[in-house]
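A short write-up of the structure that comes next.
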Amino acid sequence: EVQLVESGGGLVQAGGSLRLSCATSGVSFDDYAIGWFRQFPGKEREGVTCVNSKESPWYVDSVKGRFTLSTDSAKNTMYLQMNSLKPEDTAVYYCAADPRAHYCSNHGWYAVANWGQGTRVTVSS
């Protein structure tokens with residue numbers, strides 16, 4: 001069984017930083033595609049970043065140079081370090097994992113089988 005639990009969201013001023021965490025169970029970081037999505041109010045979810053064991057991480061253009069995906073295999077946890085935050089980053093952020101590693105590529109996410117419950121990030125101007 002795959003379980004994903006996000007934490008670390010909150011309110012931050014523009015220019016500030018947050019680090020989101022996703023505790024995982026039943027996920028192999030060597031075999032899965034893993035990463036993050038976000039959902040703006042009234043919009044569909046969009047991919048933020050993903051990685052698999054065979055490729056370098058992918059990031060959506062709007063966060064390149066500001067967000068970083070990392071993992072801690074010993075803790076079965078993935079992270080999203082968010083720097084230089086902007087009001088337009090305000091969204092609910094979801095961690096994600098899919099056993100089909102090729103569902104993450106240099107073009108982003110193709111599809112996702114497993115989601116966390118989400119954590120809300122609000123960036124004030």
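Along the sequence shown, residues carry numbers from 1. Both backbone and side-chain heavy atoms feed into the values below; hydrogens, waters and symmetry mates do not. Treat the numbers as computed from the prediction; the structure is a model and nothing was measured.
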Salt bridge (Lys or Arg N to Asp or Glu O under 4.0 Å) pairs, two or more places apart, involving residues 107-123
none
Stepwise side-chain contact (heavy atoms from CB on, under 4.5 Å) check, Tyr94 with Gln117:
CA-CA 7 Å; Tyr94 300 86; Gln117 294 299 308; over 6 Å; no
All pairs passing salt bridge (Lys or Arg N to Asp or Glu O under 4.0 Å) where residues 33-58 contributes a residue, at least two apart
Arg38-Glu46, Arg38-Asp89
Closest non-hydrogen contact found for Ala101 with Asp31 is CB-O, 3.4 Å
What's the shortest heavy-atom distance between Asn114 and Leu4, and which atoms?
O-CD1, 3.6 Å
Is there a side-chain contact between Val121 and Met82 (heavy atoms, below 4.5 Å)?
yes
pair Trp36-Leu69: side-chain heavy atoms closer than 4.5 Å:
yes
Pairs satisfying disulfide (SG to SG under 2.5 Å), at least one member in residues 28-81, at least two apart
Cys50-Cys104
Which residue pairs pass the salt bridge (Lys or Arg N to Asp or Glu O under 4.0 Å) test with at least one member in residues 100-112, sequence neighbours excluded?
Asp98-Arg100
Hey, could you give me the SG/OH distance between Cys95 and Tyr79, rounded to the nearest 0.5 Å?
12.0 Å
Full working for side-chain contact (heavy atoms from CB on, under 4.5 Å) between Val48 and Val63:
CA-CA 7 Å; Val48 176; Val63 310; 4.2 Å; yes
Exercise: identify the closest heavy-atom pair between Phe40 and Thr90
CD2-O, 3.2 Å
Donor-acceptor pairs under 3.5 angstrom involving side-chain atoms of residues 17-26: please list them, not counting sequence neighbours.
unit_1: Ser17; atom_1: OG; unit_2: Asn83; atom_2: OD1; d: 2.9
unit_1: Thr24; atom_1: OG1; unit_2: Asn76; atom_2: O; d: 2.8

Those residues at least two apart in sequence (or on a different chain) that pass side-chain contact (heavy atoms from CB on, under 4.5 Å) with Thr68 are Tyr59, Gln81
Taking the side chain as C-beta and beyond, is there a heavy-atom pair between Val51 and Ile34 under 4.5 Å?
yes
Other cluster members, Tyr110 - Ile/Leu/Val/Met/Phe/Trp/Tyr, side-chain contacts below 4.5 Å:
Tyr103
Residues in ring pair (Phe, Tyr, Trp, His ring centres under 6.0 Å) contact with Phe37, at least two apart in sequence or another chain:
Trp109, Trp115
dist Asp72:CG -> Thr77:OG1 (nearest 0.5 Å) comes out at 6.5 Å
For Val5, side-chain contact (heavy atoms from CB on, under 4.5 Å) partners two or more places apart
none
Sequence neighbours left out, what passes salt bridge (Lys or Arg N to Asp or Glu O under 4.0 Å) with Asp61? Give chain and number order.
Lys64
Give me the atom names and distance for the closest heavy-atom approach of Tyr32 to Ala97.
CD2-CB, 4.0 Å
Sequence neighbours left out, what pairs pass side chain to side chain donor-acceptor pair (under 3.5 Å) with at least one residue falling in residues 3-14?
none
Determine which pairs satisfy salt bridge (Lys or Arg N to Asp or Glu O under 4.0 Å) with at least one residue from residues 75-88, sequence neighbours left out, and list them in order.
none
If you measure from CZ on Phe29 to OG1 on Thr71, what distance do you get to the nearest 0.5 Å?
5.5 Å
Does Thr122 reach the main-chain N or O of Leu11 with its side chain, forming a donor-acceptor pair under 3.5 Å?
no
